[in-house]
Each structure stands twice: as structure tokens, then as C-alpha cells.
Amino acid sequence: MKSIHKFIIAISIGVGASVTSCQKLNIPPTNIVTPDVIYSSEAGVRSFLATIYRNLPIEDFKYRPDGGDDANVNGIVYHLPGFNPGNPWMNFYNSASVTGEEVGPYGGLDIAGGFGYWPYGDIRNVNTLIAELPKHVGSLSQPTVDALLGEAHFLRAYYYFGLAKRYGGVPIIKEPQDPGAPLSQLQVHRDKEEATWDFIGAELDLGYQMMPATSDVGRANKYVAAALKSRAMLYAGCIAKYGSVNFVDGQARSLGLVGIPASKANTYFQAAYDAAKLLEGHYSLYNANSDKVQNYVDLFLKSGSPENIFIKQYSIANNTAHSWDATMSPRYMTANALSRSYPTLDFVSLWGSLPVTNADGTPKRFNDRAELMQGVEPRLLATVYFPGATLRGLTFDMQRGIYPSFSGTAAAEVAKPANSRSYILAGDVKTLYQGKQVIGFTGPWTGGDELTRTGFYVRKYVDYNKPQATVDLYRSEQPWIDLRYGEILLNRAEAAMELGNTADALSDINQLRDRAGATSYVSIDLNKVRNERRMELAFENQYYWDLKRWRTADIVLDRAHFKGLMPYYVFNENKYIFLAEPELYNREYTFQKQFYYEGIPGGEIAKNPNLLPNNPNY
Amino acid sequence: MKKIKYLLILFVLFPLSLLAQQTVISGKVIDFTDGNSLPGVSVKIQGTNSGTVTDKDGKFRISVSGNDATLIISYIGYLSQEVKVAALKNGIVALKTGSKGLDEVVVVGYGVQKRATITGSIATLQNKEITTTKNESVVNMLTGKIPGVRIVQTTAEPGSYANNLNIRGYQSAPLIVIDGVIGGDQSTIGRMDPNEIESISVLKDAAASIYGMRAAGGAILITTKKGAKNGKININYSFNDAIQTFLGMPQGVGAVDYMMLTNEKVKRDFANNFINNVTPQYSYADMKPWLDGTYKSANWSDMVFRKTADEISHNLNIDGGNDKINYFFNFGYLKQDGVFKTGDLNYNKYNFRSNVTANITKGLRAQVLTSAWMDEKNQPYTDEWTVYKYTWNQIPIHQIYANDNPLYPAVMDDNMNPAIFTDADKVGTKRSRNKSLTSQLNLQYDIPGISGLSAKALFNIDYGVNDFNQIKRTFSLYTYKADDQTYIPSVVNSPSGITRAYYTHFNTLSQVTLNYAHTFFQDHNITAMVTYEQSHETADNFNAYRDTEIPIDYLFGGLQNSNMSGGMDAGALQDRAHRSIIGRFNYDYKGKYLLEFSFRRDGNNLYKPGPDQWGFFPGGSIGWVLTKEKFFRNLISENILSNLKIRASYGQTGDENNAAAFNYVNGYTYPINSYIFGSSAVNGSAPKLGNPGLTWSVNTMKNIALDFGLFGGKVDGTIEVFRNDRTGLPATPSTALPGTVGAAVPQINYNSDRVQGLDFSLSYRNTFGHLGVNVTGNIGTTRLKALKVLRSASGNEYLNWVENQTNRYQNVWWGPEYAGQFTSYNQIYNYGVNTGGGNNNVVPGDYYYKDWNNDGVIDSKDNHPIATTDIPLYNYGLSIGLSYKGFDMNMLLQGAAGVYVQYGEQFAEPLMYGRSALTRFLDSWHTVDPSANVFDPNTQWVPGFYPAMGSPPAQGTKAIQDASYLRVKTLEFGYSLSPSILKNIGIKKLRVYVNSYNLLTFTGLKNYDPEHQGPNPRDNGDFGKALGGYTYPMNRTFNLGANVSF
């Protein structure tokens, strides 16, 4: 009995001890670090920079100009539409597909209203960084702090650039505000548009002065700041010059919240020109391959190109890979795809008309669709996939239908009502006519969005080296080139042209034309400079902003319809013909003048009436 | 239960009298369901005062006057039986379980109480009431049985355990407590073996206050079986074999119908047909091969889904013991197959429990309760919802095999080829395995010297693992090129890869308790309890990925390339601790006036260390048993009203989950996303503003109830009204802070809401000769109302009306009100209201809606409240049990009312995403001439139920359907062989049964199962919640099974 008592006592003590060893309640969280951890080393600051860079308004593969839906990745919903935070896969919702470079599922001009971009959370992050860095000179050293501050000024300028090109003047916030401050202090007024652009210019100057000449790929250096400045100041110059001619009037305009006096135009153009010139000798056009087509294709795919100034990188392992390859090519050439936007014939015709019609108006007969590519400028062939081109061992076999026989002119045929044309069409690639497939595996097709409706596919940025089996959503890793020397030359040429310096403009443009495999110009005008920009920067999300700053969008996109080039097989002749027809959506695009500025987001006005007056007509 | 038997012996010790002239007969009383002998049973002779009780072997001897005498055999918890002495065959009487007496002991928070003196709202359920329903999840076995517990089964998918379970519509999930240990959620209950559960108590009001900051949603207490003490060993074996069938599986249209419907849709598009009709998408050339039989439409559904699937379970348990030691061992196994024809969706589960109680020495008792379960769910790599989507909307002109050659599965949209996408050998697998081990040691010691004082110490560990293995395999699909008769392969899901994720948790909980119970001056009963409890919950995880080239299904077989990655899910990392002091005091006077007070001082590490992390949660209740009052007895006879108790409770609980954890910390959140600098990715961080002021929300629960018993306990009922006010819900004032600040203002405890409603239950038990009748019904209703909601004013009066939630019932579904269907162009032209776009784009068959605000335009401003969202307003259940001799029947009717659903995607819009249509949409408006222009007023139409292809899908009251339903949830017929026959073959008991789950459903809802989830405003647009309705179908099962006891 005694032993049992001892046993009991032992157990009681044991249990009692485990119970009474008091559970501590001051357990810190696992995923929140103290500011010391961030600012005691460059690696810590880099972590904060990663967040700031990630949200930069870089209009890359994933940029969706209307914002689109919130993205849901692995069950996490990201409420930040527009700039890729949620990694949306629908890379065909780009601005090229509403401006006539391409046509796609966007109807009308869905993108002009914007998506209420208001990145003051990100700006607060930069402001916090700028406020904190000087306090940590001890741990980081003065040169490091200065370089990082320069980078912060560049980043802040980038965010404000994203705002200014949408709204004109916005409130300039330079330090982190205390959320608990009186509302009257926090309900700030908009700054003037001119002040906003000047602030951007000044910030980029600080960036240029404080940052070193080189940096890790994906991070800014002084030349990145200069490059962005050339772009931003060119925008500001155009807004001053053309915005004073073509505008919608309203109170915001008379207060200077939107609009810049025309007299300021040349100041900005000069700033753009000077900034662009800073890069001369530090970057150059990519010219590694003597095959002009291949060279231009590789420009967008090869790493370490001397043309790349500022790029954004992606990786599968990092869950940031994009879907460009899978959403620009048809399923036939990928492992899973939904291509949905296609270059228009109007765009292709920038390079001149394709020889598809004889002098008598009858369609020219081709033995092989690929013959169409003969004599086409290498840059165009590298930008657009033509019928007969090949990708991953497969041929773009575009064929809209079959004519058992064909007679008459192309124009007369296209003008007929659809049901009185003698062609055979099909909604299914399996459908045969006399044993011959009626439509191509790559379209054109009316049955859905996923085959071309213009007869062309996008080639720029498409990674032809990627094995077909790996071309799937979220599987593309080629970096987005946000700033490249080609654009800097175009910025410089345009600024020079606006400033009357035609010689500089001509030399800049001819550098590009030489690389493109085009004949050099002997003379230059503004129209040539602008067209060169369209050709060179096609599908790079630039044209939409160019149309806006040139104030030509309302003219170019005035109930605009675009065309495609439809290949047909003429059965009795065993030949191919090409007919220029309305693209199969036949969508209409209209840009209203008020869209030159987006409206200040309504929710923000509700929270801060001092943002009024809103931009004209909103 | 068993303990009471012994107590009863003491009460019924009659002097065994000396009626010498009479004959003595003997007999034995056993439990009808498990064959155990029942000691302490009262045996009385009808019409006399003489009687006896059974001994510890259930045997009795009694003197009777002759064969005409009738014995009345009664026992607490069982139905009384009258037996003629002449009919007392072999001397065995089998008693059936019956009414819950007032002496029933009910498990409450940190203790037990007699039902008679309970003043809180506590519903209970015993094992036998649970197991009448046969289902793979214990949660589904509770549906409709407990008043106030609302259960919606969202899926019947093997191993998913996805149910909505809440108590009385409270906004937080109920706390789960198993054998006194806090932990788990509804899926924990779902995964239990029903045979190991002794009873379930549901604390619905201030009774849950004793669980403090974690009991905002009430508490569900589960007590497992501990084993009998009667010296016998019981071996029980049962099996259940179920055939599952699937409810609400839609079918798609055939090839030609698809092409015709698609052409109708194409020409219906106003923008594309405004000037000229576009060419039809499908030409006659496309249709001809299907019309002439060259091609045959495939039946996708039959290819992917099977009509029936098996589900089998086995259970073996052994219990027994004596005064020194008693034990309960349980082993259960469940295997459930899924709806996929490949059989690659399946589930199996093993449950194990060992409960041992030992009386070490006088006054000292030790218990070791150990439970373990393991389960494994296998499914094909393909996301499950996409299987439903791409089967139900598969384009029927797509051939499964290229050129109909079965060697070459064809390329299809998104590579979703039904021939292979559920084939794990081809596409790969996902396998999720869980292992859980819970073990507690507790010691209870009656402290000598002070009568009624005892101490208890408890220590519990809970360890669990989730092991997820995903194998993605590369496979080929083919395109047939007719020109040169070649098959072009297309490799998909490349590269192959393997993902492994490993989650583990380890929790400890310890308690020391002092209990005191005493009766002073005969009438004043006092019990008191004080407990110190602390717990620590930790969880950790990691994951890894590698590409694979050879089919080795382990990480080591993978490639060491740049895609190789390892990481962890930071959100699942956990380190939480709680410390609490808990107390309760009960007082009653003669069992007539009842009083209870409880409290919990609760602290955890989610809040700022120091006073901020401690909360105090009191609860109290009172009761008055009127039927124990003399004056009341004088008014109503005991035979009519046997029991009447009025009780009321008031208490507080908190919700620690309502304020984000570690809100007080000022720092940087890390990691958030990442960005690539140079050649490597850098994890991001972002500033986080601290907000030390934010704290938990507080629930104030009030409950008033009336318990009554009528006609000598034949009828029992309870009616309860409750109100649960939550105050201090976090609100974000940033709605009023300009966005230019760039930071959200700290949240504050401001918002409040209220849930209130009513539970009612009524039961009736009686015997008519050999016929036993047991009917129990319950109904509950509840409604959520927001009281205070912090917000800034909306842009205009209308929006303010729509968006202002203050003092408004919640879960309101807004939408337009359906007014009719246009039947002719004339009607459209003369229609005075603009339905949008000036009615240009309206054709006969289109729906129109009420111009609710009379502004001449149908737009979002005509939306108004039209239905309720979320789970039902009314839940009810009715179970009917009948027994006659060896036969028994059990039926559970369960239903809900005031519940609405809407279906989206393929169920609402035919040909969505350019895909196919369900057969129901063949009944739609279309033109007599298939090539007619739909915008031409001279076009002749054929009316149908749905509008024309391409017309806007239904909205508002047309789309939202009343999904009120009544189900025959359970229907069971059983037959128990007579114990006297079985005795000869060494079996104590044998019962065989047939059973059906979800046998019949009565609902006004067409084409769907009412519990099938559709998109709902409560999902906040999150597709992942209802997956567009592409979810696993509900099942109906037919079960055959037997229980054997040795």
C-alpha cells in the first residue's frame, strides 16, 4: 500500500509540475520583423525595395489597362487590378488590342476609363524609405544610404509618372502622413499638372545624381533615371504643346490641374532630349546577329543585351512567370493556349501595302502562302507571324475557307453579303471539303476567340526556343524590357524634331532603320518619326499613350474599324488568294476627347472633396 | 449511465417479503440493443406494492400469485415493459432504450450536471440517436437532430468533410471540445468514428461562457465511451455496405443541337448583326457528318461519371471492466469511392481509440484516453471542379479521340479531354494523408477529510500531420491532320513534377481542477468548481517541388534544376498560447430554485503582453421548477404536467479571431511576395502600423426557456428564445480617410450585430403493447441583424439606402423583380420601359423586370431586397422511431425553409464561354426558320421556357430560386434476432438493417439538389467558394449492414 501511495504522489507531482510550469503569453509573431531587421543591412532594405519595385506601374506582359478582375492565385485574392500583382494570365488584354495595333476581345474602348489607379500606398512605402534611410547611416554607411535614396527618388518618380499620365495634376505627397492627423490636414488638394511633371523631372534628376552607373539587373541606376526622364519629359512636352490645341475645357483646366501652358513645351522637349543624350555611349542597339529578322527577334529574348536599360524579370519557381507565349499563339503551337488578340492588316500596312492584288483588282494567286513574306521588312517579319511562317516546327496554316473556284476582283467579292459569296466556311477544323480541310488549324475562325480573326499572329517577344510542351500558362520567363535604347533614340528623335533639330532626329531614326533592315531615310519629318515609333515599339504598350499625348486618339479612333487579311484556298486552281476584309469581330473603337485624362477615382473624391474639381467631363 | 444503476440499487432495496403461499419465479433483464445484463432494474407486480430489483447479473427472483400476474419492469433511460408471468419465456426480458429522464447526466463545460437542474441551453444527443443515420461524416449524422444546430452539407465528396455547421446562426464557428480538451473544427467531428461517441452536448447560450474567448459560436462537447463496469466483456462488430448514387447530374446536348444552338446565339448578337447577319458559325458542311451518322456524339457524362459507387465501413469495439478497471477499445475503417469512373477518386480512413479508466486506490482514479485516426484521399491531378465543368459543358462535336482512333486522345480546349482527365495514371495524382494522435492522462482524487471535495489534473497532447503529395504527369493529346493522315502530338502538363507538402501541429493542454459538492441542511445543494487551464498550440510546415523525368513518385527522383524549389506556407505557421482561470458555482434549493454562475478569465498571446491580453467572461443562469411547488401541483395534476421549468441565462463570450493577431506590433510584415533583382528573387517586406487598441469582440448571450414534460414524461418539450449581441467588432475607419495617406487607419472595435431567434423541440415516447413509438421534432429559426456599422456616407441617397447596413437585417439578397417574358415584337415595341439599350436588343422570349423605382429604365437602381442569402432561416427535423418485437424502424425527416439559391455558369447561361449547353436549354425560344433574322419583326418564333440563345440570362427573382426542401434524410428498417435464440450460438445480439440516406427530397427547385452550392453574395465574388456550381454532387446511399455483439 505504501508503494502505491508513493506512486500516486509521484504521478500527482509529475502532472502538477507539467500543469503549473506556466505557459508564457508573450510569444512574438513569426511574420512581423522589427524595423532594425530591415535597416541594419542592405539585404534588409533590399527586401523592402522588392515590394516597392514589384508594384511599380510597369506596363508589362501582365498589365491590364482596364484593371480587369481581381486576380485569384492559389486561393489568395489580390484586390490590386491593373499592374500584375495577382499575376493574371490573360496577357492578350493589352492596350495594343484596342488601339488598332491588334484586335481582340476588348470591345469599344474599354480601357480609356482606366481602373482608378491610386498608388499612394506604394508612395507611402517610398516616403517611409526616404524618411528612414538617413537614420541608419551608422549601419548602412553614407554612400549606401545616398545610393539607396537616389533609387528611392527614382521609384517615387515612377509612381508619380504612372499617376500624371492618367490624371494630370495629383496631390504630391513627400512624406508618410500620420493617419491619425486631423482630417483637414489629410484632405490634400491636387497639385497642378505642370508641378507634377516638374516634380517627376526633379526626382529623376536626384536619382541620376545619387545613383551609381551600374546596378543589378532589374534595379535602377543613374541611366535608368535618365531614360525614364526622357520618356516622362517627352510626355510633358507633348501635353503642353498638343494639349493646348485639342482639349475639353473645364474648371480643372482653368485651374491648371490638367493642362500645361504651351509655352512650356520646349522646356520639356529639351529636358527629354538632354536626358536621352545622357545615355549615348552607355547603351547601344542590339545587333548581334547578321540575320536581320533573327536579330530583331532575339533583341526581345536574349539576356545581357546592350540595348536593355531597365527590365522586369519573371520566374516559374518564384510564381511570377507570365503567359505571353501561351496567350499569343494558337493552341496548335502550344501546350495549352487561348490566344485572343491579333495584329491587324492596318498595322501591317504601316510598312506599305502587301502585294496581294493584281493591277486589275483580281486577287494575286500564290502557290504557297509563305510567298507573301517575300520582300517584307525583316522587322515586320520579326514582329508579326505571317501565313506560312513556322513556329516550333509547325506552320501557320491560316485559311479562312475554300473557294471551289474564284473569279472577279477582290474588292467586289468582299463587298458581297456574306450569304451570297461562293466560299465554303466551317466552324470546325475537322470539316472537310473534298477531303481538304476547310479552315486552318491556326484559323481564321469565327467560332471563338482563340484563333486569329485577322490572319496574323503576334511574334514579338514570343519565345520560339521554348519546347511546345512547355508553352503553357504561367510558364514564360522572358523579361519585359521596360526601357530600351531603341525607345531612347525614338524619344530623342521626337524631342529633337519638336525642337527643330532634324539632323539629330534623322540620324537617330536611321540607326533604328538600319537595325530593322529597312532602307535609310534621306529626309525626316515628324510623321516619319512617329510612324517609326509605332513600328519599332509595336505591342510594347506605348502606342496608346502616344495617341493620347499626341492628342490624336480621338481622330485615329473615331468609330474605327480594322481589317484582316484572309487567306483562302481556291480549289479548282490549287492556289491561295488573300482578301482584305474587316477583321472577323468587326469591332468599333471610339475614343472620346475626355479620355485624354482619366477621372479622379470617385471613391477618392468621396473621401476627400478637396480633389475636386474633377477632370473635365467626369 | 452505468453509474446511476448502482445508485438506483440503493434506492430500491426493498425487504424481500415473505409471501409464502406464492410461487417464486426468476428471470433476467437485458438491454435490447446490446444484450448486456441490466442490474438494478425495478421489477414490480402490477396492482401490488411488492417488487424487487435485479442483481449485478441482471437476474431477479420474485414471488407471484400465479401465471396471471403481470410484471412491470422499469429502468431509468429505458421504456417500461409489462410482461405476463406466463409469457416470460426463458426468463429473459429485453428492455429498449427510451426517454431521457430528468436524472440523465449531461456533460457541460468542465463537468457534468443532472438534466433536472440544468439552467443553461444545452442540447444533447446520445450515440444511439446518432447512428441511426448512416453517412461517411459524423456531422451529416447529426443533421436535423439537435435543435439550434444548423448543418448544410455542401458536398458528398469522399474525404472532404466540407459542411457548414453553426449553432443558432452565430457568426463564429462553434468550439469543439472532445473529452474536455479544446481543439479542432467541424471536420474533426466529421472524421470521428460514430461508434466511439457516447454523447454530444451543445452549449448554445451563457453555458458556453465558461469557454471564454473561443466560444463566441457556442460549444460542442463530445464525450467518448469509457466502457461498462459490470464485469462482462462486450465485443461488438458492425459493418455497413453502402451504394452511393448521385443527385442532380446534368446532361449536355448532342452535336447537331449544339451547332444549331450556337448558330442561334451568333445571330442573336445585336452588335455583330446590326447591318448584316453574320455567317452562321456552323455551316451545313459542318453538320452533315453528324446528321448522316459519319460522326457520333459522345456521351461525356457516362464516360467520366459512374452511376453508383461503393462505400463500406467496419467497426470493432471491445468494452468491459469491473470496479477496478474499465476500458473501451475501438477500431473503425471506412472506404468510400468517388463518382469518377476511373476509380481514382477515393478515400479511406482508420479510427482507433483506447479509453482506460483505473481505480488505483480508494478515491484515486486515473484515465488514459487515446485516440488516433489516419486517412488518405486520392484524386486525379486535374482540378476537380474543372472535371465537372468540362464534362458538363463539353462541346459535343469535339471528338474524344483524334480521327476516332482510341490510341490518340484528341486535343481539346484547355486540354480537358474527358477520356483521360480523371485517369491518375495519365495525368497524375493528388494524395492527401492525415494522421492524428490525441492522448490524455487525467487523475482524479477525492480529497480525504472534506466530503465532496475532489481534485483533478489533466494533461493532453494532440499531434497531427497532413502530408500532401502531388504528381503531375506529362501526357500527349493529338490532332489529326486529314491532308496527310498524320497525328500531330501535343505534349501537355510538361514538365512532369512532384510537389510534396508537409504540415504538422503539436498542441498541449493541461488543467488542474478542484470540485466541491455538498448538501447543506438537506435542501441546499451546492457544487463548485475552479480550474486552471493552459494550452499551447504550434503548427509548422514546409513544401518542395521538383521536375521529374522518370516516373519515380518521390522527391529524390526529381531533377535538380532551376525549377526545384522549397518553401513554406507562412500563413499556416502558428504559435498560440492560452491561460485561463475558470470557475463555476451552482446552487439549488430542493431542486426547485436553481442558480448557476460561471466565469473564465482568459488570456492569450495574440494581444499585447500585459493587461491587454486578458479578458473576463462571466455567465449566469437561473431556473425555477414550478412543478415542484405545492401550489402549482394543486393546480395541475402530475399526470398531465409532470415537469415545468422556466430558466433564463445571461453571459458573455469573446472572439479572439475577430481581431487580427498581433495587431499591436509595429514593424514590417515579412515575407510578402518577391521580386527578382539580378539573378535571384528577393522576398518583399512592407511596413505594418501597430494598433495596440484593437481587441476581441464580445458576445452577450441571453436565453429564456421553458422545459415541460407532459403525461408522465411521454411528451417532453423545450422552447427557447435567444439573443446574441456582438459588440466591438473591428471596423475600418479608412473608408473615410483619403487614399493619399496611403495607409489604412487602424481598425477600431466599433461595429455590432445581433443574432436572435427561437428553438423549439418536442418529443413523444410511448409503448402500445409491443409497439414502441418515439417521435422527436425540432425547429429553429434565427436572423442576423447589423446594429452599428461604421461607414462613410455613400455618393447619393439611393446608394446610401442600399449600402447603409446600420440596424438592418443581414444576408439580404438584392436584385430586380421578374415581371414576365416578352412574347412578341409588338409587346416589345409598345413596352414603355427601357430595359437597357433602348430595347433595340430585345427579342421575343427575353425576360423583363419590374420598373421598381418607376423611372422608365431597368437598371441597377431597380434592385431591392428579394431574398435571403446564407444558410436557411428555418431548419427543422423530425425523427420517428418505431419498434415492434424484433423489428425497428427509424425515419428522419429533415428540412430547411427560407433558403434561396442561384446558379451560375453553365446552369444559368447556355453556351457560356463558347462551350456547350445543358439539355434543359433545348426548351428555349427560337425562330421557326433557323436562318431567320431575329431582329426582323416578321420573324416567327417558337416559344420555350428559356429565352433565346444569347439573350441575357435570368436575374433577380427569376434567377434566385426558393430552395426550401424536405428530405427523407434517413430511413432505416432493422431486425434484431431474439437474444434467447442467439444465446445458443454465443452471440449476445444480432441486428441487421437496411438504410437509405437522402432517400427522397421534396423541393420546388428544378433540376438541382437544394444543397448544391451556387454563387451567392456571401462569397464576395470569390469563385473558389462555390466554384461556379461545378462541385461534387450530393449522394444518396442505400445501406445494408449488421451489428453483432459477442
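Here is how names work: the chains are called A, B, and so on, in the same order as the sequence lines, proteins then strands, and each is numbered from 1.
Chain B forms more heavy-atom pairs under 4.5 Å with one residue of A:N26, A:T470, A:D428 than with any other, namely A:D428. Put simply, of B:P671, B:G667, B:G678, B:S476, the one with the most heavy-atom pairs under 4.5 Å next to chain A is B:G678. Interface check for chain A: of the options B:R576, B:R579, B:Q574, B:E533, the most heavy-atom pairs under 4.5 Å are formed by B:R579. For the options B:T262, B:N604, B:N263, B:I672, heavy-atom pairs under 4.5 Å to chain A are most numerous at B:N604. Comparing A:G44, A:P171, A:G121 by heavy-atom pairs within less than 4.5 Å of chain B, the highest count is held by A:G121. With chain B as the partner, the residue from A:D36, A:T34, A:I38 showing the most heavy-atom pairs under 4.5 Å is A:I38. Between chain B and the residues A:P179, A:A43, A:S47, the most heavy-atom pairs under 4.5 angstrom are made by A:S47.
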Any chance you could lay out the side-chain contact (heavy atoms from CB on, under 4.5 Å) test for A:L186 and B:L737, step after step, and finish with the verdict? CA-CA 8 Å; A:L186 300 177; B:L737 194 72; 3.5 Å; yes
Determine, stepwise, if the pair A:V33 / B:S685 fulfils side-chain contact (heavy atoms from CB on, under 4.5 Å). CA-CA 9 Å; A:V33 300; B:S685 59; 5.6 Å; no
Step-by-step side-chain contact (heavy atoms from CB on, under 4.5 Å) determination, A:T320 to B:I676: CA-CA 9 Å; A:T320 53; B:I676 306 171; 4.2 Å; yes
After noting the C-alpha distance and the side-chain angles of B:I488 and A:L394, does the key distance pass the side-chain contact (heavy atoms from CB on, under 4.5 Å) rule? CA-CA 10 Å; B:I488 306 167; A:L394 295 166; 4.2 Å; yes
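Contact of A:L338 with chain B is made through the side chain alone, with heavy-atom distances under 4.5 Å. At a 4.5 Å heavy-atom cutoff, A:P176 makes no contact with chain B through either its backbone or its side chain. Interface remark: A:F441 contributes side-chain atoms only to the contact with chain B (heavy atom separation under 4.5 Å). Residue A:R421: no heavy atom, backbone or side chain, is found under 4.5 Å from chain B. Only the backbone of B:N666 comes within contact range of chain A, with at least one heavy atom under 4.5 Å from a heavy atom of that chain. For chain B, the nearby part of A:T334 is the backbone; its heavy atoms alone come within less than 4.5 Å. A:A426 touches chain B through backbone and side chain together, each having a heavy atom under 4.5 Å away. Interface remark: B:D575 contributes backbone and side-chain atoms alike to the contact with chain A (heavy atom separation under 4.5 Å). Proximity to chain A is absent for every atom of B:Y913, based on heavy atoms less than 4.5 angstrom apart. Only the side chain of B:L689 comes within contact range of chain A, with at least one heavy atom under 4.5 Å from a heavy atom of that chain. Heavy atoms of A:L425 lying under 4.5 Å from chain B belong to its backbone as well as its side chain. For B:A570, no part lies under 4.5 angstrom from a heavy atom of chain A. Using a 4.5 Å cut-off between heavy atoms, A:K430 contacts chain B through both its backbone and its side chain. For A:P35, the parts lying under 4.5 angstrom from a heavy atom of chain B are both the backbone and the side chain. In this structure, chain A has a heavy atom under 4.5 Å from the backbone of B:S535, while its side chain stays farther away. Heavy atoms of A:E604 lying under 4.5 Å from chain B belong exclusively to its side chain. A:V188 touches chain B through its side chain: at least one heavy atom from C-beta onward sits under 4.5 Å away, while N, CA, C and O do not.
A cation-pi arrangement is present between A:R219 and B:F677 under the rule of less than 6.0 angstrom and at most 45 degrees off the ring axis.
Side-chain contact check for A:T128 versus B:Y668: some heavy-atom pair is nearer than 4.5 Å. When side chains are defined from C-beta on, A:E450 counts as touching B:D413, because their heavy atoms get closer than 4.5 Å. The closest side-chain heavy-atom distance from B:Y282 to A:T431 is not below 4.5 Å. Looking at A:N125 and B:P687, their side chains come closer than 4.5 Å, going by heavy atoms from C-beta outward. Two residues are said to be in side-chain contact when any heavy atoms from C-beta on lie closer than 4.5 Å; B:V491 and A:Q468 fail this criterion. Side-chain atoms of A:K436 and B:D483, non-hydrogen and from C-beta on, do get closer than 4.5 Å to each other. You'll find the side chain of B:S674 stays beyond 4.5 Å of the side chain of A:N319, heavy atoms only. Side-chain contact check for B:T740 versus A:I123: every heavy-atom pair is 4.5 Å or farther apart.
A 6.0 Å sphere centred on NZ of B:K288 holds no more than 12 heavy atoms belonging to other residues, nucleotides or ligands. Within a 6.0 Å sphere centred on NZ of B:K608, heavy atoms belonging to other residues, nucleotides or ligands number 12 at most.
Atom OG1 in B:T669 sits 6.5 Å away from atom CG in A:N31 (nearest 0.5 Å). One distance of note links OG of B:S562 with CD1 of A:I316; it measures 7.5 Å at 0.5 Å rounding. How far CG of A:N336 is from OG of B:S494: 12.5 Å, rounded to the nearest 0.5 Å.
Checked by atom type and distance alone, the side chain of A:N608 never pairs as donor or acceptor with a backbone atom of B:P738 at under 3.5 Å. Checking side-chain atoms of A:Q437 against main-chain N and O of B:K481 turns up no donor-acceptor pair under 3.5 Å.
Defined by atom type and a distance below 3.5 Å, a donor-acceptor pair is present between the side-chain atoms of A:R331 and B:S490.
Across all non-hydrogen atoms, the minimal contact from A:L432 to B:A482 is CD2-CB, 3.7 Å. The shortest non-hydrogen separation linking B:A577 to A:K24 is CB-O, 3.7 Å.
Taking the six-membered ring where tryptophan is involved, the planes of A:Y53 and B:Y675 are essentially parallel, since the angle between them stays under 30° and well short of 60°.
When A:I32, A:I27, A:T30 are each tested for a side-chain contact (heavy atoms from CB on, under 4.5 Å) with B:F662, only one passes: A:I32.
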